[in-house]
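Only one structure is covered here, and it is reproduced in the block below.
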Amino acid sequence: MEVDFMKENKAKFTRLHSHELSFRASHVKSLKSFFKAHLKLSLVFIFSFSLLFPIFSESYSYSSNVESENKLFSQISVAYKNNFYIGTVSSADEFIEKFRDSVYLPEVLFYKAESLVNLENYSEAQKTLKDVLSLFKTGDAIFARGVFLLGKIKFAEKKYENALFYFSKIPSLLVGEAEGLKDIESQTILLTAQSLYFLKEYEKSIPYFELIISSGENYSLEEYMHSLSFLFLGYAECRKFNEMTKLFETFPEDYFDDDFYFQISLFVAQAYEELLEYKKAFALYSKILEGDRGTKAVIALKKAYLISEKYDVGIEQNVFFAEAIDNLQNAEEIVEEFYLRLGIDEFNSKNYQTAVSYFDSIKSDISESQNARVGNLYKAKILMEQNNYKEAFNILSSLQKIEDFDSDSVNATLLICNYNLKDDYSLYSQIPEIFAKIENPDYKSKYILSAFYSHFNSFQTLYAHDTILYIFISNSSSNVC
C-alpha cells in the first residue's frame with residue numbers, strides 16, 4: 001500500500017515539477033522577448049536623440065548669438081548717441097569682426113565712420129565710408145549722410161574744391177527716405193558758403209550766407225554769428241556797401257554782444273564812408289569809443305578824428321578830440337596807439353614833421369611802452385631820411401638794448417645807419433656783428449654786408465656768401481641804401 005502511495009505521489013510530483021519547469025521555461029522565454037524588445041526600443045531612442053542633439057545645440061547657440069549681437073549693437077548705439085566716439089569705434093570693430101552678416105552691420109559701419117570723423121581720423125573714416133556707401137543707394141538717409149561726411153572731411157582738410165564737389169551732390173540725394181534730413185541740408189549750405197569764402201569766391205559765397213541769415217532757426221548762435229561776420233566781410237570784399245549798411249540797419253542795437261557789435265560797426269562805418277555818409281560813419285565810430293577799450297577803439301578814434309577834420313559831422317575836431325581823450329583818460333595805451341597810427345600814416349605820406357609831432361605825443365618811456373619804442377624807431381628812420389645818421393644811431397642803440405622789442409627791425413635799420421657812417425670806422429666796422437644778429441636778413445641787409453666786405457677787399461669772405469655775392473654784383477651800380 002505504502003509503495004503504491006509512494007508511486008502515486010511520485011508520479012504527481014513528477015507531473016507538477018515537469019509543469020513548473022515548463023512554466024519557468026516559458027516565463028524566461030517571455031522575459032527574454034520583453035527585454036529584447038525594450039533593448040531595441042532603447043537603441044532606437046538613443047540613436048534618434050543622437051541625431052536630434054546637434055539641432056537642439058545649434059538652436060541654443062543661435063539664440064545666444066542673437067542675444068550677444070543685440071546687446072553689442074545696443075552698446076554701440078548708446079555710445080554713439082552720447083558722443084562717446086572712442087567707445088563707439090572700439091565696439092564697432094568688435095561687432096564687425098563677430099557679426100559680418102548682421103542686419104545691423106551697415107548702421108554700425110556708419111556710426112564708426114562718423115565717430116572717426118569727429119575724432120579727426122580722416123583717413124580711416126574715408127575707408128569706412130566707402131564700405132558704408134557700397135551698402136546703400138540714392139534715397140537712403142545713410143547714403144546722403146555718408147556723402148555729406150566725405151565733404152566734411154575734405155573741408156576739415158582744407159581741400160575746399162573737393163569739399164564743394166561732395167556738397168554739390170547733396171540736393172539730388174535728399175529724396176525718398178532722405179528727404180527730411182534738414183540738418184544735412186542746412187550744414188551743407190553752411191559749409192558750402194565757408195568753402196567758397198576760403199577760396200576767395202566772395203561773390204559766390206554771399207547768396208549762401210544770406211540764406212543762412214534769413215533762416216537762422218536752423219543754425220546755432222555761434223554758426224549764425226560767424227556767418228554774419230563772413231557776410232559783412234564778403235560785402236566789403238565785393239564793395240557791396242549798400243547791402244552791408246541795409247542789413248546792419250535791420251538789427252536793433254542791443255541784438256549783438258558788445259564785442260561783436262563793435263567789430264561789425266567798424267565794417268559798417270567804413271561802408272558809410274565809402275557811401276559819403278560821414279555823419280553816420282562818425283556816429284558809429286563814436287559809439288565804439290564809448291564802449292570798447294581795445295584795438296577797435298584806437299581805429300575808431302583815428303577814423304573819427306580824421307572825419308571830423310575834413311567834414312561837417314556836427315562837432316568841431318578839437319572839441320571831439322578833447323572829449324574823446326577825457327573819456328579815455330584811464331586808457332593811456334589807446335591814446336598812445338592812436339598817436340602812433342597817425343604818425344605812421346604821416347610817415348608813409350612823407351609828412352615827416354607832422355609824423356614827429358604825433359610820435360612826440362607818446363609820453364611813455366621806451367622801457368615801458370611798446371608804442372614809444374615803435375615811435376622812436378620811426379623817428380630814427382626820419383632822421384636817416386634827413387641824413388642825420390649820428391642822432392639816428394643814438395636812438396637805435398637805445399632800442400637795441402631792449403630785449404622784448406622787434407630786434408630784426410632795429411638791427412636792419414641800424415645796419416643801414418652804420419653803412420652810411422663810413423667816416424666813423426668804429427661804427428662802420430660793426431656791420432658784420434649787427435648782421436649776425438638779424439635772424440631773417442632782407443635784401444638790403446645782405447647787400448650791405450656784401451658791400452662791407454668788398455670795401456675792404458675781403459673777397460675770400462665775400463665768396464663764402466654766394467647769395468650775398470650775387471646780390472652785390474647784381475646791384476653794384478645802384479644805390480640800394
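In this model, a donor atom of one side chain and an acceptor atom of the other lie less than 3.5 Å apart for Ser367 and Asp365. Side-chain N/O atoms of Glu120 and Tyr85 include no donor and acceptor closer than 3.5 Å. In this model, no donor atom of one side chain and acceptor atom of the other lie less than 3.5 Å apart for Ser229 and Gln263. Side-chain polar atoms of Glu273 and Tyr285 form a donor-acceptor pair below 3.5 angstrom. Residues Gln400 and Asn411 have side chains that bring a donor and an acceptor to within less than 3.5 angstrom of each other. A donor atom on one side chain and an acceptor atom on the other are not found under 3.5 Å apart for Asn394 and Ser397. Using modelled atom types, one finds a donor on one side chain and an acceptor on the other under 3.5 Å when comparing Tyr111 with Glu107.
Here the OG-CD1 distance, from Ser407 to Ile434, works out to 12.5 Å after rounding to the nearest 0.5 Å. Ile170 contributes atom CD1, which lies 11.5 Å from atom CD of Gln187 (distance to the nearest 0.5 angstrom). The CD atom of Glu94 lies 7.5 Å from the CD atom of Gln75; values are rounded to the nearest 0.5 Å. Atom CD1 of Ile366 and atom CD1 of Ile402 lie 4.0 Å apart (nearest 0.5 Å). Put simply, OH on Tyr166 and OG1 on Thr192 are 14.0 Å apart, with the number rounded to the nearest 0.5 Å. In this structure, the separation between CG on Leu247 and CD on Glu243 is 10.0 Å, given to the nearest 0.5 Å.
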Next item on the list: Could you walk me through whether Tyr255 and Phe260 pass the ring pair (Phe, Tyr, Trp, His ring centres under 6.0 Å) test, one step at a time?
Entry: CA-CA 10 Å; Tyr255 185 83; Phe260 189 84; 8.9 Å; no
Next item on the list: Walk me through it: do Asp131 and Ser134 pass the test side chain to side chain donor-acceptor pair (under 3.5 Å)?
Entry: CA-CA 5 Å; Asp131 293 335; Ser134 69; 5.1 Å; no
Next item on the list: Mind running ring pair (Phe, Tyr, Trp, His ring centres under 6.0 Å) on Tyr272 and Tyr278 for me, showing each step along the way?
Entry: CA-CA 6 Å; Tyr272 281 135; Tyr278 298 112; over 10 Å; no
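For Glu337 and Lys302, the salt-bridge test fails: no basic side-chain N is under 4.0 Å from an acidic carboxylate O. A salt bridge links Arg145 with Asp183: at least one charged nitrogen is closer than 4.0 Å to a carboxylate oxygen.
Checking side-chain atoms of Asn218 against main-chain N and O of Lys182 turns up no donor-acceptor pair under 3.5 Å. Checking side-chain atoms of Asp408 against main-chain N and O of Glu439 turns up a donor-acceptor pair under 3.5 Å.
Aromatic pair Phe267/Phe232: centroids not less than 6.0 angstrom apart.
Each of Phe148, Phe165, Tyr160 was compared with Phe155 under the ring-ring contact (aromatic ring centres under 6.0 Å, His included) criterion, and only Tyr160 meets it. A side chain to side chain donor-acceptor pair (under 3.5 Å) with Tyr235 is found for one member of Glu210, Lys246, Lys240 and no other, namely Glu210. Partner Tyr378 forms a ring-ring contact (aromatic ring centres under 6.0 Å, His included) with one of Tyr339, Tyr358, Phe359 and no other, that one being Phe359. If you run ring-ring contact (aromatic ring centres under 6.0 Å, His included) between Tyr305 and each of Phe338, Phe282, Tyr311, only Phe338 comes through.
No more than 12 heavy atoms of other residues, nucleotides or ligands sit less than 6.0 Å from atom CG of Asp423. In Glu316, the CD atom is not crowded: 12 or fewer heavy atoms of neighbouring residues, nucleotides or ligands sit closer than 6.0 Å. Within a 6.0 Å radius of NZ in Lys152, other residues, nucleotides and ligands contribute 12 heavy atoms or fewer. No more than 12 heavy atoms of other residues, nucleotides or ligands shown are found within 6.0 angstrom of OH on Tyr208. Residue-environment remark: CD (Gln353) stays at or below the threshold of 12 foreign heavy atoms within 6.0 Å.
Applying the salt bridge (Lys or Arg N to Asp or Glu O under 4.0 Å) criterion to Lys127, with sequence neighbours excluded, gives Glu124.
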